[in-house]
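Have a look at the structure below, then the notes.
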2 protein chains.
Amino acid sequence: MNIGEAARRSGLSAKMIRHYETQGLVTARRLANGYRDYAEADLAVLRFIRHARALAFPLEDVRRLLALWRDRNRASADVRRIALDHVAALEAKAQAMQAMAHSLRHLAAHCHGDGRPDCPILNELEKTP
Amino acid sequence: MNIGEAARRSGLSAKMIRHYETQGLVTARRLANGYRDYAEADLAVLRFIRHARALAFPLEDVRRLLALWRDRNRASADVRRIALDHVAALEAKAQAMQAMAHSLRHLAAHCHGDGRPDCPILNELEKTP
DNA sequence: CTTGACCTTCCCATGATGGGAACCCCCATC
DNA sequence: GATGGGGGTTCCCATCATGGGAAGGTCAAG
């Protein structure tokens, strides 16, 4: 199957698939005309990548997860560690964002939000320290 | 004051200040030798930018907030709208991240995390659909 | 006059993705 | 056989905000 069909069936874009190839996550046989040729097994890899990316694993993590996935002698502890480290990163970012959102919501709640220029949001941003 | 001192006193890096200049957020007088020269008023702008960036406003938003800040006839409603739109964006991202974190935590909780290869995380990632 | 600490501009890298150009391939239809 | 359309290929550029670093100008102190 060519890259277009592989894209359709994996839920990725052809661009992404080529990119993942340059990053060493997938490989594809080449036909005589230079076209990439994907087998069902490659599709499984592509879907794996899509699921991992849907959980926002960076490609570097995906590479390691794929290696573990292929390794029948893997230790589930290794997979777990990658996942939990990623969870920690996600939660840290999410909490930072929500803290910012809270501050801003608070400021906005005290802003008249009308035609007058007075605005606690700007007052906060212009603080001297 | 030169860019190094402006950086120290604003809490930004000299690199960032130059970048903000290319983006039209700050301007600086130039000395005869080509060095940028900042006044106290410029420092206030730089600190404003730092505070806005600390709340993760994209530079485009910072540009608009600065324009409103300088405009004595601004309507606080305009500031508020920018802020609340940004809050919505932050919360959407934060929630998406926490949803991913939850899923992964759940999967990891069912993973032995020992030397055995069996792993629900990988099972999830390899799902066919 | 040299040294070191500044400053300048310009280019490149990050991470994952999209856009688009220039060009090749294949098949169907006229 | 020529043409057109819809594949494919590679390569470059843009995003967003920031850092790294090179090459070179400037200045003050020794």
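In this text the structure is predicted, and so the values were computed from the model without any measurement. Naming convention: chains lettered A, B, ... in sequence-line order (proteins, then strands); numbering from 1 in each chain.
Distances from the side chain of A/Met16 to the nucleotides D/dT9, C/dG19, C/dG18 place C/dG18 closest. Checking D/dA17, C/dC7, C/dT17 against the side-chain heavy atoms of A/Arg53 singles out C/dT17 as nearest. The listed nucleotides are D/dA17, C/dC26, D/dG21; the one nearest the side chain of B/Lys15 is D/dG21. In this structure, of C/dG18, D/dT9, D/dG7, it is D/dT9 that holds the atom nearest to the side chain of A/Arg18. The nucleotide whose nearest atom lies closest to any side-chain atom of B/His19 is, among D/dA17, D/dT26, D/dG8, D/dA17. When each of C/dT17, D/dT18, D/dT26 is scored by its nearest atom to the side-chain atoms of A/Tyr20, the top-ranked nucleotide is C/dT17. Checking C/dT17, C/dC7, D/dG19 against the side-chain heavy atoms of B/Asn2 singles out C/dC7 as nearest. Comparing C/dT8, D/dT10, D/dT18 against the side chain of B/Arg30 picks out C/dT8 as the nearest. The side chain of A/Pro58 approaches C/dA16 more closely than any other nucleotide in the set D/dT9, D/dG7, C/dA16.
Between the CD atom of B/Glu5 and the P atom of C/dA5 there is a distance of 18 Å, given to the nearest Å. The distance between atom CZ of A/Arg36 and atom P of D/dG7, rounded to the nearest whole Å, is 16 Å. The interatomic distance linking A/Arg63 (CZ) with C/dA16 (C1') rounds to 13 Å, in whole Å. Residue B/Leu31 contributes atom CG, which lies 17 Å from atom P of C/dC6 at whole-angstrom precision. A straight line from CG of B/Asp61 to P of D/dC16 spans 11 Å, rounded to a whole angstrom. What separates CE of A/Met1 from P of D/dG7 is a distance of 16 Å, to the nearest Å. Put simply, CG on B/Leu25 is 10 Å from P on D/dT18, counting in whole angstrom units. At whole-Å resolution of the value, CD in B/Gln23 and P in D/dT18 are 10 Å apart.
To the nearest 0.5 Å, the span separating CE on B/Met16 from CD1 on B/Ile49 amounts to 11.0 Å.
At the heavy-atom level, B/Phe57 lies nowhere under 4.0 Å from the strands shown.
Under the 3.5 Å distance criterion, the side-chain polar atoms of A/Arg80 are left unmatched by any main-chain donor or acceptor of B/His112. Of the possible donor and acceptor atoms, none in the side chain of A/Asp37 sits under 3.5 Å from a partner among the backbone N and O of A/Arg30.
Residue B/Glu60 is the one, among B/Glu60 and B/Asn33, whose nearest nucleotide of DNA chain D lies closer to the 5' end (criterion: closest heavy atom).
Here the closest heavy-atom approach between residue A/Val87 and residue B/Ala101 is recorded as CG2-O, 4.0 Å. For A/Thr27 against A/Tyr38, the heavy-atom pair with the smallest separation is O-CE2, 4.5 Å.
A sub-4.0 Å separation between OP1 or OP2 of D/dG19 and a side-chain N or O of B/Ser13 is present.
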